[in-house]
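Worksheet: one structure, shown below.
The chain is numbered in sequence order, starting from 1. Note that the structure is predicted; figures quoted are calculated from it, not measured.
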Amino acid sequence: MQEKIRLYLDLIRWNRPAGWLLLLWPTLAALWLAARGFPGWHLLLVFTAGTILMRSAGCCINDVADRDFDRHVKRTVNRPITSGRISVKEALLVGLVLTLIAFLLVLTTNTLTILWSIPAVIVTIIYPFTKRFFSMPQAVLGVAYSMGLPMAFAAVLNSTPPVVWWLLVANLCWVLAYDTEYAMVDRDDDLKIGMKTSAITLGRWDVPVIMLWYAAHTAIWWTVLWQHAGLGSADAPGWKLAVWGITLLVAVAQVLWHYALIRTRERERCFRAFTQNHWIGFVVFVAAAALIH
């Protein structure tokens with residue numbers, strides 16, 4: 001039994017929290033923006049637990065869809081499904097249970113949030129299969145990883161104001177950036193097996209385009225924070241201006257560090273860049289929590 005639990009935890013990448021942190025930080029930042037400060041323990045717990053559950057369910061679906069490809073990729077050949085230690089039926093059942101628990105959490109919010117959760121689940125299921133025919137499946141992942149933002153605003157305000165769409169664009173750019181770094185790790189293997197990724201599609205333009213995506217993500221978020229924190233007014237508190245500037249500098253410094261890591265396109269350095277992306281999301285959340293109240 002202990003061995004089976006260990007395999008299930010391996011299936012949902014429990015020992016690699018970077019994946020759900022990439023989902024969590026922008027979702028919490030959106031909650032703070034929507035609530036104009038602390039959103040309350042109920043919504044904080046619902047969205048934190050829901051994020052972890054849905055990312056875990058997504059891992060189950062992804063590994064089932066990619067099981068025949070994963071055996072040809074160095075990094076994924078020993079995953080539980082690919083290695084035969086967990087069956088497809090078991091993995092799908094685990095994914096279904098996790099999704100149902102997440103949905104039960106959503107049911108404690110409101111109708112609009114529940115409605116937003118439906119396309120969120122659909123795009124999570126669709127994403128792994130787009131690698132077979134879509135030249136940039138990372139864009140589909142970007143949509144899946146951005147659904148928590150409109151859901152956060154819906155849960156707090158029972159509406160999705162225009163700023164949501166700007167944040168969706170920003171998050172999409174961020175996902176495209178970090179998942180292209182991830183795809184750069186497996187580019188050689190993916191070319192051999194016919195998998196489609198943004199790293200293959202972009203070719204030699206991969207690094208400059210990634211940097212443009214990072215720049216767009218940073219520009220949109222800090223513009224939104226400037227506006228929502230009221231920093232354009234003459235009586236804006238000096239400490240808020242300082243926090244905005246410092247967090248922006250930290251975010252830019254991280255982006256430049258990512259450039260230093262990926263510019264040579266070495267597998268290990270690209271993988272390190274991907275795994276450290278959650279710190280960019282963390283800075284976004286810190287800025288939102290500090291400035292919006």
Side-chain heavy atoms of Met54 within contact of Met147, under 4.5 Å: no
Does the side-chain contact (heavy atoms from CB on, under 4.5 Å) test come out yes or no for Thr247 and Val243, once each step is laid out? CA-CA 6 Å; Thr247 53; Val243 168; 4.3 Å; yes
Option among Thr180, Val255, Val175 that satisfies the side-chain contact (heavy atoms from CB on, under 4.5 Å) test with Trp213: Thr180
Establish whether Leu249 and Trp239 are linked, either directly or via other cluster members, by ILVMFWY side-chain heavy-atom contacts under 4.5 Å. no
Quick one: closest heavy-atom pair of Leu43 and Leu31, and the distance? O-CD1, 4.0 Å
Going hydrophobic residue to hydrophobic residue with side-chain gaps under 4.5 angstrom, can you get from Met136 over to Leu191? no
Beyond-backbone contact of Thr223 with Trp166, side-chain heavy atoms, under 4.5 angstrom: no
Distance check, rounded to the nearest 0.5 Å: Cys173 atom SG versus Ile210 atom CD1? 12.5 Å
Contacts of Leu23 meeting side chain to side chain contact (heavy atoms under 4.5 Å, CB included) (sequence neighbours excluded), chain-then-number -> Thr51, Arg55, Tyr145
Please tell me whether Leu256 and Phe282 are part of a single hydrophobic cluster in this structure, the criterion being side-chain heavy atoms less than 4.5 Å apart. yes
With respect to Phe274, which candidate in Leu22, Val185, Ile262, Leu261 satisfies the side-chain contact (heavy atoms from CB on, under 4.5 Å) definition? Leu22
To the nearest 0.5 Å, what is the distance between CH2 on Trp222 and NE2 on His217? 7.0 Å
Donor-acceptor check, side chain of Thr218 to backbone of Ala215, threshold 3.5 angstrom: yes or no? no
Rounded to the nearest 0.5 Å, what's the gap from CD1 on Ile86 to CG on Leu92? Could you check? 11.5 Å
Can you see which heavy atom on Leu105 is nearest to which on Val46, and at what distance? O-CG1, 3.9 Å
Quick check, are the ring centers of Phe38 and Trp32 under 6.0 angstrom apart? yes
If I take atom CG from residue Asp186 and atom CZ from residue Phe271, how far apart are they, to the nearest 0.5 angstrom? 9.0 Å
Phe134, CZ atom: more than 12 neighbouring heavy atoms under 6.0 Å: yes
With a 4.5 Å cut-off on side-chain heavy atoms, are Val286 and Val250 touching? no
Ile125 side, atom CD1; Asn62 side, atom CG - distance, nearest 0.5 Å: 12.5 Å
Are side-chain heavy atoms of Asn171 and Leu167 found at a separation under 4.5 Å? no
Heavy-atom side-chain proximity of Asn277 to Tyr214 below 4.5 angstrom: yes
Decide side-chain contact (heavy atoms from CB on, under 4.5 Å) for Val163 and Phe153; before the verdict, give the C-alpha distance in whole Å, the side-chain angles of both, and the deciding distance to 0.1 Å. CA-CA 10 Å; Val163 68; Phe153 274 85; 3.9 Å; yes
Nearest heavy-atom approach of Met195 to Ile200 is O-CD1, 3.4 Å
Taking every heavy atom of Cys60 against every heavy atom of Ala91, the minimum-distance pair comes out as CB-O, 3.5 Å
Do any N or O atoms from the side chain of Arg265 and from the backbone of Arg204 form a donor-acceptor pair under 3.5 angstrom? yes
Please determine whether residues Trp116 and Leu107 belong to a single hydrophobic cluster, defined as Ile, Leu, Val, Met, Phe, Trp and Tyr linked transitively by side-chain heavy-atom distances below 4.5 Å. yes
Heavy-atom closest pair (Thr27 atom, Gly148 atom, distance to 0.1 Å) is CG2-O, 3.8 Å
Answer yes or no: is there a donor N or O on one side and an acceptor on the other, between the side chain of Asn110 and the main chain of Thr113, under 3.5 Å? yes
Side-chain heavy atoms of Leu168 within contact of Leu172, under 4.5 Å: no
Of Arg269, Glu181, Arg263, the one forming a side chain to side chain donor-acceptor pair (under 3.5 Å) with His258 is Glu181
Tightest non-hydrogen contact, residues Gln138 and Ala183, listed as NE2-CB, 3.8 Å
Less than 4.5 Å apart, any side-chain heavy atom of Ile114 and any of Phe103? yes
So, the side chain of Thr201 versus the backbone of Ser135: is there a donor-acceptor pair under 3.5 Å, distance only? yes
Salt-bridge test for Arg16 and Asp10: reply yes if a basic N is under 4.0 Å from a carboxylate O, no otherwise. yes
Would a 4.5 Å heavy-atom cut-off, applied to side chains only, mark Tyr127 and Pro137 as touching? yes
Drop me the distance from Trp221's CH2 to Trp174's CH2, to the nearest 0.5 angstrom. 10.0 Å
Please determine whether residues Ile61 and Val123 belong to a single hydrophobic cluster, defined as Ile, Leu, Val, Met, Phe, Trp and Tyr linked transitively by side-chain heavy-atom distances below 4.5 Å. no
Within a 6.0 Å radius of atom CH2 on Trp205, are there more than 12 heavy atoms belonging to other residues, nucleotides or ligands? no
Can His228 and Arg36 be said to form a side-chain contact (heavy atoms from CB on, under 4.5 Å), step by step? CA-CA 9 Å; His228 280 247; Arg36 304 295 302 177; 3.3 Å; yes
Leu28 vs Thr48, side-chain contact (heavy atoms from CB on, under 4.5 Å): CA-CA, chis, key distance, verdict: CA-CA 8 Å; Leu28 292 186; Thr48 299; 4.1 Å; yes
